Amino acid sequence: MENLVYAIILLPLLGFLINGLFGKNLPKIVVGSLATAMVFASFCIAVSIFLGFNSEGQPVIVKAFEWFRVNGVQINFGFQIDQLSLMMVMIITGIGSLIHLYSIGYMSHDKGFYKFFTYLNLFIFSMLLLVMGSNYLILFIGWEGVGLCSYLLIGFWYTNEEYGKAARKAFIMNRIGDLALLIGIFMLASQTNAVDYLTIRENAGKFELDGSVIIFITASLFIGATGKSAQVPLYTWLPDAMAGPTPVSALIHAATMVTAGIYLVVRSNFLFTLAPSVQDGILLIGFLTAALAGFYALRQNDIKKVLAYSTVSQLGFMFIALGLGAYTTAMFHVMTHAFFKALLFLGAGSVIHAMSNEQDMRFMGGLKKYIPLTHATFLIGTLAISGFPLLSGMISKDEILVAAFAKNPVYWVILFILAAVTATYMFRLYYLTFHGEFRGTEEQKHHLHESPANMTLPLIVLAVLSVLGGLINLPHFIGHGHYAKLMEWLKPVLTEESFNQLETTLSAVPFGTEMILLGATVLMFFSVWFLVKNTYVNKKKQALPEEQYTGWEKLSARKLYIDELYNALIVKTVEGLGRGGKMFDNGILDRFVDFVGDGAEDSGKAMKRVQNGNVENYILIMSLAVGIILIVNFLLQ
């Protein structure tokens, strides 16, 4: 077990080192194959551990070495293998290896090919470190590593100034959350004299329920999660992250970086259960994020921007589940979302590849006959996220809706509306892209072609997972909870109170009521599908340029002017402080330094006149000095 654990995390690091040091001189096929093989090998090892892992067993701690001691507390650098970390590792390496394979074809003509795969391997290594670490400090190292890699990958085409700005925006906004996370970890360490998960879990009972200390700690951890998982108010970096190559968008949005915040909260469930008021805050932020992002997505014209806001909205759904205490439900949606969102982003990349790098849906249309495989797999992804019956997205989202109804029927109504919004913007994207008449240029039409096999194979695998992935945690309504295998699998990771709370919540809704709720969501799905198809296919409505929208459509297209508001209140303020600091530096500090320097220079010039090398003058000055001293001494007596 120990050697296998080391292999999982070190193989991507080895790929990073080999490609980073020698990749420039290696053939592209060797660079891409090596990077992909390293991640896929980690996935295979993780699956082998999973198959032999006792689902009810205790966590396996692999201690690499003693890191340091402080105030008598020993901090070890090690890894924790349990149900949660195994689940995350398989998602990261499984989806990650498919994205690596896809990237071989997508980035084949890019000059920075070897650098791209070097960064990808480092990204996977950092994410594995984050989820496999046995304590919060190792999690933080991986957390920062993922932040660094996201900066490198988002700004990969750094010659474009706007892409560089997007990378800096992601980096800076994440630093805000990272500072809060670090404060929470330090506070946690000061209260428990430990940073490892097991010790803190054992001592968590010492905290007062909803006391000021536990509220401060969990709120700090949650703020850290809002940065990585793009929740209000730290969410505007994620849509701008579309500046990076499309495989990067899939990697960040599907299975890795944005799920880090969800993982943090679930891993710390023994703390959040003690802070109900913070859970209420998580619930509120989740609702607000899901609503805002869903509204923005309704009138975006960039295919990747629609998917980006879709990710933010779906992350809001996951945080709603966390706020309801449905930790396993949140993780279930993390898993299914990884399947269909990776499929959608890679499908969008295939569309962009066929369209000669065009991303605006206003210039697409009718693509289903030119790229049929991409069309079929993209349709499956669209149906999954929109809630087609028994597809993976519908099953996981239904569980969130049931948990919401059990807590408060009003929550269910809000989520029901948000689910309808999701289906609306996704079907709008689908019909504008694949149906109707082609609206691009003749040159683009001439070059339309299906992507190569190394790009379409990942699409097929992800499409199958999007269809069958929900079976991992069979619908709650089948057997009314008795077949929720994922919930049972994650049970050892949760405190007994957390698990009982979830089981009670899901069992609180009578079977008949649940069937009515399910019927309503299914009816909603088909109603939205019919209305959107009627609008964009039968009535042939087209997307308009942003400046031509009016009313709510303009607000949606301009994202409620939140970016402009942030720019006015924060960016301009910081720039103003920077200009003020520059004026103080140039006007006062520089002048003071110049004054001191000039004074030294002038005094040196004055002394130079005296120190002229004339011995007679030196004797005269000495005689005068002695005389003055004698006179002063006589007068003082």
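Just so you know, these numbers come straight off a predicted model, no measurement behind them.
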Inset, instruction - Given side-chain contact (heavy atoms from CB on, under 4.5 Å), test Thr259 with Met88 step by step and report yes or no. - result: CA-CA 9 Å; Thr259 63; Met88 288 299 297; 3.6 Å; yes

Legend entry - Test log, rule side-chain contact (heavy atoms from CB on, under 4.5 Å), inputs Ser396 and Thr329: CA-CA 7 Å; Ser396 59; Thr329 301; over 6 Å; no

Legend entry - Derivation and outcome, side-chain contact (heavy atoms from CB on, under 4.5 Å), residues Leu486 and Thr328: CA-CA 7 Å; Leu486 185 63; Thr328 61; 5.6 Å; no

Inset, instruction - Start with the C-alpha gap between Glu488 and Phe499, add the side-chain angles, then the distance that decides, and say whether side-chain contact (heavy atoms from CB on, under 4.5 Å) holds. - result: CA-CA 9 Å; Glu488 292 294 332; Phe499 186 81; 4.0 Å; yes

Inset, instruction - Give the intermediate values and the outcome of ring pair (Phe, Tyr, Trp, His ring centres under 6.0 Å) for residues Phe332 and Trp489. - result: CA-CA 11 Å; Phe332 183 31; Trp489 166 258; over 10 Å; no

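Residue pairs meeting the salt bridge (Lys or Arg N to Asp or Glu O under 4.0 Å) criterion with at least one member in residues 81-102, sequence neighbours excluded, are Asp82-Arg267.
Residues Tyr263 and Leu139 meet the side-chain proximity criterion, which asks for heavy atoms closer than 4.5 Å. Between Val248 and Tyr119, the closest side-chain pair of non-hydrogen atoms is not below 4.5 Å. Counting heavy atoms from C-beta outward, Val47 and Met90 have side chains that approach closer than 4.5 Å. Using a 4.5 Å cut-off on side-chain heavy atoms (C-beta onward), Gln300 and Tyr309 make contact. Side-chain contact check for Leu391 versus Ile395: every heavy-atom pair is 4.5 Å or farther apart. Using a 4.5 Å heavy-atom cutoff, the side chains of Tyr151 and Phe156 are not in contact. Put simply, the side chain of Val413 does not reach to within 4.5 Å of the side chain of Phe405, judged on heavy atoms. Taking the side chain as every heavy atom from C-beta outward, Thr382 and Leu344 approach each other to under 4.5 Å.
The backbone N or O of Val306 lies less than 3.5 Å from no partner atom in the side chain of Ser310, so there is not a single donor-acceptor pair. Side-chain atoms of Ser268 never come within 3.5 Å of backbone atoms of Val265 as a donor-acceptor pair (strictly under, hydrogens ignored). Side-chain atoms of Ser556 come within 3.5 Å of backbone atoms of Arg299 as a donor-acceptor pair (strictly under, hydrogens ignored). Between the Thr289 side chain and the Gly316 main chain, no donor and acceptor come within less than 3.5 Å of each other. A donor-acceptor contact shorter than 3.5 Å links the side chain of Trp237 to the backbone of Gly227. No side-chain donor-acceptor contact under 3.5 Å links Lys228 to the backbone of Gly261. No donor-acceptor pair under 3.5 Å is formed between the side chain of Asp398 and the backbone N or O of Met394.
Partners of Arg558 by salt bridge (charged side-chain N to carboxylate O under 4.0 Å, His left out), not counting sequence neighbours, listed by chain and number: Glu546, Glu564. The salt bridge (charged side-chain N to carboxylate O under 4.0 Å, His left out) test applied to Lys541 returns Glu553, not counting sequence neighbours. Lys397 is linked by a salt bridge (charged side-chain N to carboxylate O under 4.0 Å, His left out) to nothing, counting only residues two or more places apart in sequence or in another chain. Remark: Asp302 pairs with no residue by the salt bridge (charged side-chain N to carboxylate O under 4.0 Å, His left out) rule, at least two apart or across chains.
The six-membered or imidazole ring of Phe378 lies near that of Phe434, with a centre-to-centre distance under 6.0 Å. Two rings, from Tyr430 and His375, have their centers less than 6.0 Å apart. In this structure, Phe116 has its ring center at least 6.0 angstrom away from the ring center of Trp157.
Crowding of Phe530 atom CZ: a count of heavy atoms from other residues, nucleotides or ligands under 6.0 Å not exceeding 12. Heavy-atom neighbours of Tyr536 OH from other residues, nucleotides or ligands within 6.0 Å: above the threshold of 12. Within 6.0 Å of CZ on Phe40 lie no more than 12 heavy atoms contributed by other residues, nucleotides or ligands.
Below 30°, between 30° and 60°, or above 60°: for His353 and Tyr106 the angle between ring planes is between 30° and 60°, a tilted geometry. Note on ring orientation: taking the six-membered ring where Trp is involved, the planes of His337 and Phe340 are perpendicular (angle over 60°, cut-offs 30° and 60°). Aromatic ring pairs are classed by plane angle as parallel below 30°, tilted from 30° to 60° and perpendicular above 60°; the pair Phe388 and Phe526 is perpendicular. Aromatic ring pairs are classed by plane angle as parallel below 30°, tilted from 30° to 60° and perpendicular above 60°; the pair Phe525 and Phe427 is tilted.
Summarising the geometry, atom CG belonging to Asn301 is positioned 5.0 Å from atom CZ belonging to Arg362; distances are rounded to the nearest 0.5 Å. With rounding to the nearest 0.5 Å, the separation of OG in Ser466 from CD1 in Ile380 is 7.5 Å. Taking CE from Met38 and CG from Asn121, the interatomic distance works out to 8.0 Å, rounded to the nearest 0.5 Å. Separation of atoms CE (Met487) and CE (Met331) is listed at 15.0 Å; rounding is to 0.5 Å. One distance of note links CG of Leu383 with CG of Leu390; it measures 12.5 Å at 0.5 Å rounding.
For Phe317 against Ala419, the heavy-atom pair with the smallest separation is CZ-N, 4.0 Å. Smallest separation of non-hydrogen atoms from Pro233 and Met173: O-CE, 4.0 Å. Leu346 approaches Pro247 most closely through the heavy-atom pair CD2-CA, 4.4 Å. Nearest approach of Ile252 to Ser150, heavy atoms of both residues: CD1-CB, 4.3 Å. Of all heavy-atom pairs between Ile95 and Ala338, the closest is CD1-O, 4.0 Å.
Looking at Ser350 and Thr374, their side chains do bring a donor and an acceptor atom within 3.5 Å of each other. Using a 3.5 Å distance cut-off with no hydrogens or angles, the side chains of Glu450 and Thr456 do not pair a donor with an acceptor. Side-chain contact annotation: Thr36 with His100, donor-acceptor N/O pair under 3.5 Å absent. Side chains of Gln444 and Ser356: a donor-acceptor N/O pair is absent below 3.5 angstrom, by distance only. Inspection of the Tyr235 and Tyr296 side chains reveals an N or O donor paired with an N or O acceptor under 3.5 Å. When only modelled atom types and interatomic distance are considered, Thr336 and Ser392 share no side-chain donor-acceptor pair under 3.5 Å.
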Kindly list each side-chain donor-acceptor pair under 3.5 angstrom involving residues 319-327, sequence neighbours excluded, with atom names and distances?
| from | atom 1 | to | atom 2 | distance (Å) |
| --- | --- | --- | --- | --- |
| Tyr327 | OH | Gln279 | NE2 | 2.8 |

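Screening Val146, Leu238, Leu251 for a side chain to side chain contact (heavy atoms under 4.5 Å, CB included) involving Met257 leaves a single residue, Val146. A side chain to side chain contact (heavy atoms under 4.5 Å, CB included) with Leu128 is found for exactly one of Val39, Leu11, Ile9, namely Ile9.
Contact check on Asp563 versus Lys169 returns a salt bridge, with a Lys/Arg side-chain nitrogen under 4.0 Å from an Asp/Glu carboxylate oxygen.
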